[in-house]
Every structure is written in structure tokens, then in C-alpha cells.
Amino acid sequence: ELKLDGLAVSITYVKGMLYRAATRGDGTTGEDITANVRTIRSVPLRMTIEDAPELCEVRGEVYLPHAEFRRINDLREAAGDATFANPRNAAAGSLRQQDPKITAERRLAAAFYSIGESTSPEPQSQTSLLEWLRSAGLHTDSHVQLCNGIHDVVAHIEKWEQLRSALPYDTDGMVVKVNDSDLQRRLGSVARAPRWAIAYKYPAQQVETIVEDILVQVGRTGAVTPLAKLRPVVCAGVTVSRATLHNQSEIDRKDVRIGDTVVIQRAGEVIPEVVSVVVAHRPDSSVQYVIPPHCPSCGTELVRPDGE
């Protein structure tokens, strides 16, 4: 199964009617998001089966499609509001809105992949579980593949590493599961991690661009952080124009200079960072970068405590 990049949710149905929705939280206690989840069109308020169980908890992922992410950010930019960094953050923020009308305006989507507590008989396999979810009106991802052996698994993972950039939503890996439910029970779990399922995370996408400038920004604590102003480039589906350089030690270690061609990636597919410098493309006029001696905001002399 594709590992969708959104926010995990648990939804409880009682006699086929949506009763409660919650975030995963710490695995035991989550945040009640029932009113907001009710606004998601791919989440049915009533199961579409006649023999709905007395109680059934379904688990899945709420996410924001790329097209909707771009639409929301365009509206926020036009209104002078800060834009969302990525679809995952936008989905999480939308689900936690105090006003469900705002959530409804953002057109979230959801896909389901498992059942928790339920009074109905357990499906005999993961594939039959997904079929049951679909019969109950719950959306499941359409790219699930039943594999016969580990070689098929590896081939499927490699295929989607090439294809995933064309998907209309974010995915950062693949979840490999034992299909047979009896084998799942026999394998069991360690703490909260099942022995019968494992996630394969794709390596972060890397692209090259040019450092047009190095800026220094002042945080709320007074600490200054260097920031690379980049020639805008699309990385993992998002246009990146800035990347953190962390501190002077990190700049020195990577020897990042203004005018350099650099390799960047979105760490964890979220935060842009400079991975390395393409020294072969460095201009002859480049000089080592040193953070200015005075604060760019108030002009006070900057101090670097020993060991920091």
C-alpha cells in the first residue's frame, strides 16, 4: 500500500452512523475532531451496508490533494496571509480548526486501510478488509497491490519510486503488510509496532539550484540563523526558494558560498535543507561566507557563546 502523507485519524461508527473522529495522538488518547471530519466528502456519515456492525472503528489518513493545496495557498497569498509549507501541514491545520466551515472550504480527502475495535467478524485478509471498507462506503487508495513473494514487493516499490511524483497527492513510501489475518495474529506486535507490517520510506528527492544570497534572520529568542536564498526550484512537488543553513559551523562544514550551485532536499519531505555544494560549478570570484558581526535587526554586536 502507498504510504499517504497526511494525518492519521480514527473514526468510530455506531450502528453504521459516524459517532466520533479523533487524531491518533499518543496512540492512546487523541484530539476530538468529529465536527471537522464530518465536512470531508470522502468520509460517509452513514455506512453504505445494510448489516452495519453495532460498533466499528476504522483507521485511515486525511490528506490534501496537490491541486487543493495550490488553491488554498493562492487564496492565502492574495489575502496577505502566510502560506502553508506543504500539504501535510495544511491538512493537519485544517483538521484542527475551531470552525468546521473553514475545514469544509479546504476540501480534504481521506483514505482508509484498517479496522480497530469492531463487533463484526474480522476479515480473513488485508485485501478482504479493504474490500469490506469499500463496500461500507469508505474510500481506500486505488494503488494497492497483492504481491507473491518479496521479489514482487521490491519491484512494486521500485516502480512507485519513479511514478509517485505524478500522483495528485503526497506519498513518502510504501507499507508492506502480510496479507493473511491469521498470520498477522500469530506474528503479533512489539509495543505499538506490528511484526506483520513495515514501512519502506523513499529517499528524499534531491535537486540542484543556485544560492543567490545568504540572509540572516532573528528568532524570537534573539538567536540568528543563516538562510540560503535560492533560485526557485521544484523539489518533491513544492517550489523551494529558501533553505536553512543552521549556523556558522554548518556553513563552514559544507563551505556554502553565495553563487554556489548546491544540492538541496526536503528533509523528511518537509523542511528544505542544503545537502552539499557542487564545487566544480563554483565561480572563481566566490569567497567564504561569515555571518555579519552585528544584528541585522537592531545593530547590536552578535555574540557566539563558547561551545555553541
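Below, each value reflects all heavy atoms present in this structure, side chains not excepted, and no hydrogens, waters or symmetry copies.
- Residues K177 and V175 come closest through the heavy atom pair CE-CG1, 3.6 Å.
- With sequence neighbours excluded, no residue satisfies ring pair (Phe, Tyr, Trp, His ring centres under 6.0 Å) with Y113.
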Please tabulate, for the side chains in residues 285-293, all donor-acceptor contacts under 3.5 angstrom to protein atoms that are two or more places apart in sequence or on a different chain.
{"residue": "S286", "atom": "OG", "partner": "R257", "partner atom": "NH1", "Å": "3.1"}
{"residue": "S286", "atom": "OG", "partner": "P283", "partner atom": "O", "Å": "3.4"}

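- L75 belongs to no hydrophobic cluster, as no Ile, Leu, Val, Met, Phe, Trp or Tyr side chain comes under 4.5 Å of its own.
- Grouping the Ile, Leu, Val, Met, Phe, Trp and Tyr side chains by contacts below 4.5 angstrom, directly or via other members, places W196 apart from V153.
- A pairwise comparison of heavy atoms in L64 and R106 identifies CD1-O, 3.3 Å as the closest pair.
- Judged by distance alone, the side chain of T34 and the main-chain N or O of A21 form a donor-acceptor pair under 3.5 Å.
- Rounded to the nearest 0.5 angstrom, T12 OG1 and M17 CE are separated by 14.0 Å.
- Side-chain atoms of S42 do not come within 3.5 Å of backbone N or O of A109 as any donor-acceptor pair.
- Counted within 6.0 Å of CD1 on I49, heavy atoms from surrounding residues, nucleotides or ligands total more than 12; the atom is thus considered enclosed.
- Salt-bridge check for D74 with R71: failed, with every basic side-chain N at 4.0 Å or more from each acidic carboxylate O.
- Using a cut-off of 4.0 Å between Lys/Arg side-chain N and Asp/Glu carboxylate O, E1 and K3 are scored as not salt-bridged.
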- Message: I11 vs V37, test: side-chain contact (heavy atoms from CB on, under 4.5 Å). Steps then yes/no.
- Response: CA-CA 9 Å; I11 302 178; V37 165; 3.7 Å; yes
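- Of the possible polar contacts, one joining the R164 side chain to the T171 backbone as a donor-acceptor pair under 3.5 Å is found.
- No continuous path of hydrophobic side-chain contacts links V275 to L245 [ILVMFWY only; heavy atoms under 4.5 Å].
- A heavy-atom distance below 4.5 Å is not found between the side chains of T225 and V216.
- Heavy atoms of other residues, nucleotides or ligands lying less than 6.0 angstrom from CZ of R282 number more than 12.
- Not one N or O on the side chain of S276 forms a donor-acceptor pair closer than 3.5 Å with the backbone of V263.
- Judged as a salt bridge (charged side-chain N to carboxylate O under 4.0 Å, His left out), the pairs with a partner in residues 204-227 (not counting sequence neighbours) are, in order, E212-K229, E212-R231.
- Judged purely by atom type and a 3.5 angstrom limit, N36 uses its side chain to pair as donor or acceptor with the backbone of Q97.
- With rounding to the nearest 0.5 angstrom, the CD atom of E131 is 10.0 Å from the CG atom of L133.
- When all heavy atoms of F69 and F84 are compared, the closest pair comes out as CZ-O, 3.6 Å.
- K159 meets the salt bridge (Lys or Arg N to Asp or Glu O under 4.0 Å) test with no other residue; sequence neighbours excluded.
- N179 and Q184 make their closest contact through O-NE2, 3.8 Å (heavy atoms, listed as atom of the first residue, atom of the second, distance).
- Interatomic distance, Q248 CD to D252 CG, rounded to the nearest 0.5 Å: 4.5 Å.
- Side-chain N or O atoms of S181 include one that pairs as donor or acceptor with a backbone N or O of Q124 at under 3.5 Å.
- Taking hydrophobic clusters as Ile, Leu, Val, Met, Phe, Trp and Tyr residues chained together by side-chain heavy-atom distances below 4.5 Å, I258 shares a cluster with V240.
- Interatomic distance, CD of E68 versus CG of N73, reported as 10.5 Å (0.5 Å rounding).
- Between I214 and V211, the closest heavy-atom pair is CG1-CG1, 3.9 Å.
- Judged by distance alone, with hydrogens and angles left aside, the side-chain atoms of D260 form no donor-acceptor pair with the main-chain N or O of V256 at under 3.5 Å.
- Other residues, nucleotides and ligands place no more than 12 heavy atoms under 6.0 Å from the CZ atom of R186.
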- Passes side-chain contact (heavy atoms from CB on, under 4.5 Å), L7 versus T23? Steps please. CA-CA 8 Å; L7 188 75; T23 62; 4.1 Å; yes
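- Among all heavy-atom pairs drawn from W132 and M47, the shortest one is CH2-CE, 4.0 Å.
- With rounding to the nearest 0.5 Å, the separation of CZ in R304 from CG in N247 is 7.0 Å.
- Residues I115 and L18 share a single hydrophobic cluster, defined by chaining ILVMFWY side chains whose heavy atoms lie under 4.5 Å apart.
- The residue from E57, E117, R59 that alone fulfils the side-chain hydrogen bond (donor to acceptor under 3.5 Å, both in side chains) condition with S10 is E57.
- With sequence neighbours left out, the ring pair (Phe, Tyr, Trp, His ring centres under 6.0 Å) criterion links H143 to W160.
- Here the side chain of Y202 pairs a donor or acceptor atom with the backbone of I157 at under 3.5 angstrom.
- Taking a 6.0 Å sphere around CZ of R38, one finds it holds more than 12 heavy atoms contributed by other residues, nucleotides or ligands.
- Side chains of L4 and Y169 form a contact here, defined as non-hydrogen atoms less than 4.5 Å apart.
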- E105 and K101: salt bridge (charged side-chain N to carboxylate O under 4.0 Å, His left out), yes or no, with the steps? CA-CA 6 Å; E105 291 169 356; K101 291 181 181 178; over 6 Å; no
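- For the pair T103 (side chain) and S94 (backbone), a donor-acceptor distance under 3.5 Å is present.
- Linking Ile, Leu, Val, Met, Phe, Trp and Tyr residues whenever their side-chain heavy atoms come within less than 4.5 Å leaves L55 and L138 in two separate clusters.
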- Message: Let's go through N86 and D5 carefully: what are the C-alpha distance in whole Å and the side-chain angles of both, what is the deciding distance for side-chain contact (heavy atoms from CB on, under 4.5 Å) to 0.1 Å, and is it a yes or a no?
- Response: CA-CA 10 Å; N86 54 73; D5 197 15; over 6 Å; no
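- A donor-acceptor pair under 3.5 Å is formed between the side chain of T48 and the backbone N or O of A136.
- Between the side chains of Y200 and D172, no donor-acceptor pair is found at a separation under 3.5 Å.
- Taken from OH in Y63 to CD1 in I40, the straight-line distance is 10.5 Å, to the nearest 0.5 Å.
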